[in-house]
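Some notes on the structure that comes next.
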Amino acid sequence: MALKTTAWFMIFVVMAALAWGAGNDVVFIEVESDVEIPPLAYHDGVNYKPVHVIYVSNLETALWANANISVKIPTWDFKRAILAVPRDAFGKKPPRGFRGGVLRVYVNNTWVDLLEAPPGIVATYSYIDNVNKSEIKPFKGRAQWVERPKGRGPDKRPPRQAADEVGSSSEVAVEQVSSTQLATVYADGGFFYASLKNVYLYANVERCLPVLRVDDPTFSPTMYPTIAVLGYNATYMWRVYAAVYTSATGWLRPVGKMVVRVYEVHPELQSVGNKLGEWSFDVYNFLPSFSTGIPLSWPNRFVGLEICFRPSVSGVYYIVGANATVEFRKNSISYAGGNYVLGYSGTPISRFRFNKDTVLLGPVTLSDGFVNQRISISLGAGVVVNTPNCPTLTMDVYLGQNAQYWVGGLSVSASYYSYAIGLGYVCHYNIQYTTSSTIIGLWYDEARAASRGVWIKLKFKYPLYSIAIDRAVVSGERYAEHLIDKPNRAWTYPMLRGVYSTFNEYNTTFYQIYIRTTSAVLSSDMVDFYTTSGDGFRYIKLTYSPASAFRGVTVWYKDVQNLTPSEPWYEWLAREAASILLSILDLLGALPPGFTLMIDIITNVLQATAGSNINYYQSGNSIIIEWQRGLNDPTRTYVGVLIFSDHSYGRRIEVNSIDSRYVGNDFATALPSVSGLSPDYTPQLRHWLYGVRTTIDIPLVR
């Protein structure tokens, strides 16, 4: 409930602590608000400078439906935060004509005016729970909003530019494809960098992070190993995620700056041209941080991204990691359509007694380049009441790496009520919730940049007696970019990729399914299955159509090992799978902050065989493919099915069942025909993970 204030003023309860960093230059102040606290800055008399905001969580008890256990989860409403205020900010005032929120904080008989970060200022923020917050010793203070903020929480996405404002780089694509095939889409992708581990660094001497990428002999990574190729039409860098750790200074102390640069580059990275932009922000020891958005305004330039660390403490060992998510304006192609299914509850119905108002689902894995995402939830819920007059039940839906972003909700009346002896009346609700959005949102950007899965949180108005989850799906359409990203022949060979993540209720087994097609070396369609279960896979069933496109099938096996980051091609699959495991360990409190950036989980291709474990037969106009693990076979946590095909047909792959469990209708994808297209026309179904280009020289396995 809002505090009573006059006009635009609001009183805060402020707890503050003096926590001095390198150079005694930072004061940490905790504030509580009745509105979401936006990213902040201050004005030093000449320029705006960012103030790091650390959002503080509350704890709530939730049912983790997939494991059927009660867990304590942190929850963020963005109304509690620790502000890392530079000492230089004290006594400074807003510039004349400033429009935005102004928070005046009083500490130790002095004050500081903190400003809602204006557009163009790259501010930063982090998340912290109450346990880690106790490292700071707070004391009481006083603060007030002089002007209430215009925004809420971490910055929201800006309005879209009109198509004619973006540039003319898509004109070639428009000329070669009919207008019925093209539509403008804004798709996001993640760019990942290898962490620096136990490297000896000196103050003010930069060290740039190497890009994680597939081994590609036509590329030049040895010349420019730290630059990720973004391509044309990069419109916004939504999040830069960074984490730094060193034992040379205390927890939460400033340890240096992350520096982000964008260059004009040759499409094959044979040369690097002018620096187009540079941004930097402070990072704090053992505190993973996110930046706010950085606009990229060079639609007619082929650009690359570099992320570097500039330490402030000299001659010590560091662990440094960073990733980024970037939005692109692209032309979608109708025949490259298909679904990403980011989550699915595979158990039709299950009931249990439960006396909490929060249910947690997932986590589910994420992938690049999907648009027009949809959320679909179907469930039944029961609430105990004293009378047969059933109240209206509300359900709010949250998504994010911490399930912290509200994406919608609904209210529903009871379908019927029943009476249970010793319990009372039970009101029964049938909930069908669907929503869609043209913007993926912060819940995607943060989780993708942090290499985490996404949790789905359902918050109900009343404690539930029972719940029956039929399905919970976050899905989207596949996007494909056109040849505006291909000024040269090395970009002509198409790759189409999709990803699904399915989880089984009441256990912690997660299946991840990847569907890809490529004309590299040999026309083939690939379906990769990965499981977090220690028992591995036992049985998989697929339907492939039309039968006339089928030319044969083989199977690949793979296990996860801790290797050096040199394995070609499949490295991305293990990283995607690891995001699920890391998210679960985070939930259970088994990871320290920033742990993702301190490990490499990669894959090793162990065996390729066309052995007797895979069979197929024709049924109507489809081919049914079945794989069965042999009685004496080792555990298979990865199974790759490689289908040789005639790409002159439009094809469809449907995953029917895993380990004899029905998967569901969501798990099907259409693969386009590329017959009759000249090499100069071939659509760019580019797979951006790690800044990868797909060319004919990338084989399935080395």
Side-chain angles (χ1 to χ4, degrees), residues 46-50 117-124 158 161 165-169 188-194 196 201-213 219-242 244 256-283 289-312 320-329 449 484-488 491 688 690-693:
V46 179
N47 298 308
Y48 291 100
K49 293 185 177 180
I121 299 301
V122 181
T124 56
Q161 288 179 298
E165 295 176 14
V166 179
S168 59
S169 61
D188 283 20
F191 292 86
F192 298 93
Y193 293 77
L196 304 176
L201 301 179
Y202 294 91
N204 299 315
V205 178
E206 282 188 9
R207 182 73 175 268
C208 299
L209 280 67
V211 180
L212 289 177
R213 57 164 62 90
F219 206 56
S220 307
T222 55
M223 295 175 58
Y224 304 102
T226 63
I227 295 181
V229 176
L230 304 189
Y232 281 121
N233 280 359
T235 65
Y236 234 82
M237 195 181 313
W238 288 122
R239 293 291 170 271
V240 176
Y241 174 77
V244 177
K257 290 183 179 291
M258 298 303 298
V259 182
V260 181
R261 297 187 180 95
V262 174
Y263 296 92
E264 185 170 9
V265 302
H266 183 278
E268 292 184 15
L269 206 56
Q270 295 176 5
S271 63
V272 174
N274 295 329
K275 181 176 69 175
L276 301 176
E278 178 175 317
W279 305 266
S280 65
F281 55 86
D282 293 328
V283 284
S289 301
F290 295 93
S291 77
T292 57
I294 302 172
L296 306 177
S297 55
W298 308 284
N300 58 344
R301 308 277 183 95
F302 201 97
V303 301
L305 172 67
E306 185 174 56
I307 302 178
C308 308
F309 174 60
R310 185 187 302 150
S312 58
V320 185
N323 300 314
T325 53
V326 181
E327 178 194 75
F328 295 81
R329 178 182 183 269
I484 54 175
D485 270 10
K486 181 195 62 60
N488 123 358
W491 291 75
W688 320 324
Y690 316 127
V692 173
R693 298 173 308 110

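We count residues from 1, following the sequence as given.
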I want to check something: taking the side chain as every heavy atom from C-beta on, are [X] and [Y] in contact at a cut-off of under 4.5 Å?
| X | Y | answer |
| --- | --- | --- |
| I307 | F191 | no |
| V259 | E206 | yes |
| L196 | P210 | yes |
| V262 | W298 | yes |
| S280 | E278 | no |
| D282 | T124 | no |

Distance in Å, [X] [atom1] paired with [Y] [atom2], rounded so as to fall on 0.5 Å steps:
| X | Y | atom1 | atom2 | result |
| --- | --- | --- | --- | --- |
| R207 | C308 | CZ | SG | 10.5 Å |
| E306 | Y193 | CD | OH | 7.5 Å |
| F309 | K257 | CZ | NZ | 11.0 Å |

Exercise: identify the closest heavy-atom pair between [X] and [Y]:
| X | Y | value |
| --- | --- | --- |
| S291 | R239 | O-CD, 3.1 Å |
| S312 | G256 | OG-N, 3.4 Å |
| E327 | W238 | CB-NE1, 2.9 Å |
| A242 | F281 | CB-CE1, 4.4 Å |
| L201 | P311 | CB-CG, 3.9 Å |
| L209 | A322 | CD2-N, 3.4 Å |

Residues L230, M237; criterion side chain to side chain contact (heavy atoms under 4.5 Å, CB included); working and verdict: CA-CA 11 Å; L230 304 189; M237 195 181 313; 5.5 Å; no
Side chain to side chain contact (heavy atoms under 4.5 Å, CB included) against E264, all qualifying residues, sequence neighbours excluded: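 E264: side chain to side chain contact (heavy atoms under 4.5 Å, CB included) contacts with L276, R301.
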Audit row: V265, Y224, side chain to side chain contact (heavy atoms under 4.5 Å, CB included) steps and yes/no: CA-CA 10 Å; V265 302; Y224 304 102; over 6 Å; no
Evaluation steps, side chain to side chain contact (heavy atoms under 4.5 Å, CB included), between V303 and L296: CA-CA 10 Å; V303 301; L296 306 177; 5.8 Å; no
